[in-house]
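Below: one structure, written as structure tokens.
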Protein chains: 2
Amino acid sequence: MTARFDIAMHILTLLASAEGEYVQSDYIAGSMNINPVIVRKEISHLRNAGLVDTREGKNGGSALAKAAAKIRLSDVYEVVRGDSLLGRNKNKPNPDCAVGKQIGKHLEKLHADAEQMFVQGLKKTTLADFVKMFG
Amino acid sequence: MTARFDIAMHILTLLASAEGEYVQSDYIAGSMNINPVIVRKEISHLRNAGLVDTREGKNGGSALAKAAAKIRLSDVYEVVRGDSLLGRNKNKPNPDCAVGKQIGKHLEKLHADAEQMFVQGLKKTTLADFVKMFG
DNA sequence: CTTTACTGTAACAAAAATAATTACAGATAA
DNA sequence: TTATCTGTAATTATTTTTGTTACAGTAAAG
């Protein structure tokens, strides 16, 4: 995967710490040393998923759209999810080979099963749990 | 991740199907429609992990180094494992920010915990189980 | 021996994915 | 009505991944 999960978590952690205050993308970008546009893009995804609320215009910014205890890490994962955890499967195996012919669907199932277990694990932790770790 | 897990699985499935016969990298590459050098590279990793045995020279090729039932999918995953499942974490957050300062280590732990669960899941399936799915 | 048919691997090139930047439109508080 | 925000498209730069070429090393078979 990309760095998106970590970026999203960083954003959400800052919002959780701000306790309702609307935080600006420039501030967030400064905390992570990345470009504000990347922050806004990720916020846009988080917003589409109903995790954050944004105010435009002067004194604008973002805040959590619901309690940190209601945001599961699996929710975050879903937002940034890209390729399958076990790899990008765009192979075109040889259909004349008995194995090549059907391995695609078996690998797909394997990917799906493995990912589901993974997501189950992430469901157990909330943003609030994560933020609690900060001293 | 990359396509390496699927490539490794494809290789191992072919070897398992060959039941001890030594299979050549060109044949394997043909089954997957990829370059033989990539196959040899992956075989090299699988060999280092003790999963396959290779013979050089004429009539050479590779075979499983142990029974398919003794090869867990987690073993395969370990071989191809690259970045953490939740992303490549090479961020250098702002140390002047209370959150930025410590989020790195907390994310690392999160990555590690999540991955461990994932690997636990993969441990339950062996190459033999996977190959059984092929009709 | 010598030829032939393999594997191993380094070095390089191409392609794809990701991240960063620029530029500007739209929103809203003051 | 200006100053300060966000949204987003378009572009470029960077990094990662994949593929290729080239050639050395190994061993079977004649």
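Convention: sequence-line order gives letters A, B, ...; per-chain numbering from 1.
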Return the value, rounded to whole Å, for the distance between atom [atom1] of [X] and atom [atom2] of [N].
X       : N     : atom1 : atom2 : value
B:Ile28 : C:dT7 : CD1   : P     : 8 Å
A:His45 : D:dT6 : NE2   : P     : 17 Å
B:Leu46 : C:dT7 : CG    : P     : 15 Å
B:Tyr22 : C:dT7 : OH    : P     : 13 Å

Report yes or no: does [X] contribute a side-chain atom to a donor-acceptor pair with the main-chain N or O of [Y] at less than 3.5 Å?
X        : Y        : value
B:Asp113 : B:Leu110 : no
A:Ser17  : A:Thr13  : yes
A:Asn33  : B:Lys92  : yes

Residue pairs, two or more places apart or on separate chains, that pass salt bridge (charged side-chain N to carboxylate O under 4.0 Å, His left out) and touch residues 60-79 of chain A: A:Arg72-A:Asp75
B:Arg47 side-chain proximity, nearest of D:dG19, C:dA20, C:dT9: C:dT9
Nearest listed nucleotide, side chain of B:Gln24, among C:dT21, D:dC5, C:dT7: C:dT7
side-chain contact (heavy atoms from CB on, under 4.5 Å) partner of A:Asp129, chosen from A:Thr126, A:Leu127, A:Val131: A:Thr126
With a 4.0 Å limit, can you tell me whether [X] has a side-chain N or O closer than that to the phosphate oxygens OP1/OP2 of [N]?
X       : N      : answer
B:Thr2  : D:dT16 : no
B:Arg88 : D:dT17 : yes
A:Ser44 : D:dT8  : yes
A:Ser25 : D:dT6  : yes

From CA spacing to verdict: side-chain contact (heavy atoms from CB on, under 4.5 Å), B:His45, B:Arg4: CA-CA 11 Å; B:His45 295 128; B:Arg4 285 184 59 201; 3.2 Å; yes
5' priority, DNA chain C, between B:Arg55 and A:Lys41 [closest heavy atom]: B:Arg55
Where protein sits on nucleotides 22-30 of chain D, one letter per nucleotide: B base, S sugar-phosphate only, - none, heavy atoms under 4.0 Å: ----BBBS-
